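Below, read A as the first sequence line, B as the second, and so on, with proteins coming before strands; counting in each chain starts at 1. For the numbers below, each heavy atom of this structure counts, side chains included, while hydrogens, waters and symmetry mates do not. These numbers were taken from a predicted model, which means no experiment stands behind them.
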There are 2 protein chains.
Amino acid sequence: MATIREVAKKAGVSVATVSRVINRTGRVKKETEEKVLEIVKQLNYTPSSIAVSLNNKKSKTIGLLLPDITNPFFAELAKGVEEVAKKKGYTVILCNSNGDLQSELDHLQVLEQKYVDGIILSSHTLTYSHIEECKIPIVSIDRTLDGKLSSVTSKNYEGAMLATRHLLKKGCERIAHIAGPQNIVTARKRLEGYLAVVKDSSWYSDELLVYGDYEIQTGYEATLKLLNSTQKIDGIFAGNDLMAVGSLKAIYSLGLRVPEDVAVIGFDGINFSKITIPELSTIAQPIFEMGLLATDTILDEIVNSKKNQSFHELSVSLIERDSTKKSRCDY
Amino acid sequence: MATIREVAKKAGVSVATVSRVINRTGRVKKETEEKVLEIVKQLNYTPSSIAVSLNNKKSKTIGLLLPDITNPFFAELAKGVEEVAKKKGYTVILCNSNGDLQSELDHLQVLEQKYVDGIILSSHTLTYSHIEECKIPIVSIDRTLDGKLSSVTSKNYEGAMLATRHLLKKGCERIAHIAGPQNIVTARKRLEGYLAVVKDSSWYSDELLVYGDYEIQTGYEATLKLLNSTQKIDGIFAGNDLMAVGSLKAIYSLGLRVPEDVAVIGFDGINFSKITIPELSTIAQPIFEMGLLATDTILDEIVNSKKNQSFHELSVSLIERDSTKKSRCDY
DNA sequence: GTGAAAGCGCTAACAC
DNA sequence: GTGTTAGCGCTTTCAC
């Protein structure tokens, strides 16, 4: 790779001049500029971003720290992040933490060493104390961190109420909930939303509430447990789409039908929810947009070195598909 | 962030000495070393990888250029890559190209500027001429590039034969193929494998062959087209799992049953194939391992500045699940 | 064993 | 308008 010095020499000017024309900073005679540009093209010169970074302590790079890129929710998010980043001339470093605290800490350290300009973070183990001495802007996705960091979240509580009420409206008379891991805020909020709607019902009992870990398999197991209980359950609100998919499978494996015997609704609105059989009703978060917004937010903090945080809480929406279309109560 | 100079000053030594103890290069008196280490810990010092990179032209970073992180195949691959990379002290930059040539070229240029040490590439538009002047090691995934680049691929042709024969063995008497985009090698090989098995059959006709683009939707449409033709089709080999999922849906929507009326088999072995209803039979590639191997390969080339390429072609395996379990012919 | 200093490729004062 | 030069934070000869 050619260096700025080679360009300067070949163009018969100083490195400063080359730098000026490259960055459009300072005045340069039209003529000189053209000459330089010509050599630049000829030598196929591009500035070393490493050297640039060393100067201005900026890397035009943002870190994206996720629990699991294999989870469609995060993959869609990542795609959104990458898209905006690229458009704005930023590069994204992907870090997969598997939800492991030590791994997150390691990644964070590496990101700092690499002078990333900002970090988009989705973690449920990290607390504010872990990152308070980190002076790189961070925005948190999916949860707020003590109100100390900018965040992009969505209305989990309201969404859960929406889901539960939808089941009710569809004629379900005994609605169970497969809650996500309670160390994750979204899971707690969704549980609260569910409880807010059902807890005063004559039929509500603790046995309608089981826990999973947001993965398919636990949705499957939880559903088996629910349906094998003595109570006749005719509606399941799964804490996320992945567990809902597991639920669908479990119901099917018991020889029951969705939605005739048991209606199912998920949460998230991942792309895969519309390809299950039957298609899954869900509370959709604007996942891709969350990625875009998070990136816009972090870029805003980076570029304008904003000090104050912003908190975005996005709306969710009910997507009604076949898994809750009970004919008997269709409206 | 503390610099090496601060550490040196506080420890009462020169920066060279600090550098020596940090990198375990050269001899340092035990005593001095301890002193330095103490200050390092005290100041929470970590070397700036930018500065290091500027020196040795290495960034301990690899670029991963993928068409679409949202596609489970690539997500699983990415996870494998990230895992090895991290273990070996490397960071991965994620680039999403959407299969767009210009986008790939842009990303490649950025990666070069950032001094990434190597690139793992999955592209079907890039040709060798695009990258021949790039002197960073590259390994190609999913296809070979004129034998000029190391590659990690799997046995697509054999896998396709396996799939088709499996359908035959299950008693299918008219097997259709939904081929992937023919600009993609894997899709061509799979088509060839299918043809090799069926083209001499008494029942084979062109109408049994339709094309999709490896996405769910086209699998759906292709299947509709197939099943609406006059021929009675009782087996479908979809070019990949995503299209197979679309196929499942289409069959279901026509009121037919899988596998009783039509057996379906996919290709890839993405995690999602085992959660469809019915579960999808497929030819599994060792996706995660491909990620691992690609990373090992690129790291090998980086660390040992290997000049000669290596070509890995991994085996695939038949995973028989419910979508091909025709009872009438079970063995 | 340890330090001084050059240099990685670039930007930004500061001169002229 | 353009050139000179001092860093950015580090590694690495080369002396001592």
S.K.: Would you mind reading off the bend of the helix from C/dG1-D/dC16 to C/dC16-D/dG1 from its two end axes, five pairs each, to 10 degrees?
M.R.: 50°
S.K.: I'd like a table of atom pairs between the protein and nucleotides 8-10 of chain C - only N or O on both sides, under 3.5 Å - with the distance next to each one.
M.R.:
from   : atom 1 : to    : atom 2 : distance (Å)
C/dC8  : O2     : B/N55 : OD1    : 3.4
C/dG9  : OP1    : B/K57 : NZ     : 2.7
C/dG9  : N2     : A/A51 : O      : 3.4
C/dG9  : N2     : A/N55 : ND2    : 3.2
C/dC10 : OP1    : A/Y45 : OH     : 2.5
C/dC10 : OP1    : A/S48 : N      : 3.2
C/dC10 : OP2    : A/I4  : N      : 2.2
C/dC10 : O2     : A/N55 : ND2    : 2.6

S.K.: Just do the side-chain contact (heavy atoms from CB on, under 4.5 Å) check on A/N71 and A/Y214 with the steps written out, would you?
M.R.: CA-CA 10 Å; A/N71 179 322; A/Y214 269 174; 5.9 Å; no
S.K.: Taking side chain as C-beta onward, heavy atoms only, is B/D300 less than 4.5 Å from B/D296?
M.R.: no
S.K.: Short of 4.0 Å, heavy atom to strand atom, which residues of residues 24-43 of chain B count as contacting DNA chain C?
M.R.: B/R27, B/V28, B/K29, B/T32
S.K.: Would you call A/K135-A/E112 a salt bridge at under 4.0 Å N-O?
M.R.: yes
S.K.: For the atom pair OG1 (B/T153) and CD (B/E313), what is the distance rounded to the nearest 0.5 Å?
M.R.: 4.5 Å
S.K.: Would you give the length of the straight line joining atom CG of A/L292 to atom CD of A/E83, rounded to the nearest 0.5 angstrom?
M.R.: 6.5 Å
S.K.: Between D/dG3 and A/T17, is there an OP1 or OP2 to side-chain N/O distance shorter than 4.0 Å?
M.R.: yes
S.K.: Rounded off to whole Å, could you give me the NZ-to-C1' distance for the A/K58 and C/dA12 pair?
M.R.: 16 Å
S.K.: Hey, are the side chains of A/Q109 and A/Q113 touching, using non-hydrogen atoms and a 4.5 Å cut-off?
M.R.: yes
S.K.: To the nearest angstrom, how far is B/R20 atom CZ from D/dT12 atom P?
M.R.: 11 Å
S.K.: Step by step, would you call B/Y90 with B/T295 a side chain to side chain donor-acceptor pair (under 3.5 Å)?
M.R.: CA-CA 10 Å; B/Y90 282 74; B/T295 315; over 6 Å; no
S.K.: Quick check on side-chain contact (heavy atoms from CB on, under 4.5 Å): which of B/I141, B/D142, B/V152 does B/L77 satisfy it with?
M.R.: B/I141
S.K.: Within a radius of less than 6.0 Å around NZ of B/K41, do more than 12 heavy atoms belonging to other residues, nucleotides or ligands occur?
M.R.: no
S.K.: For B/A85 versus B/I62, what's the shortest heavy-atom pair and its separation?
M.R.: CB-CD1, 4.2 Å
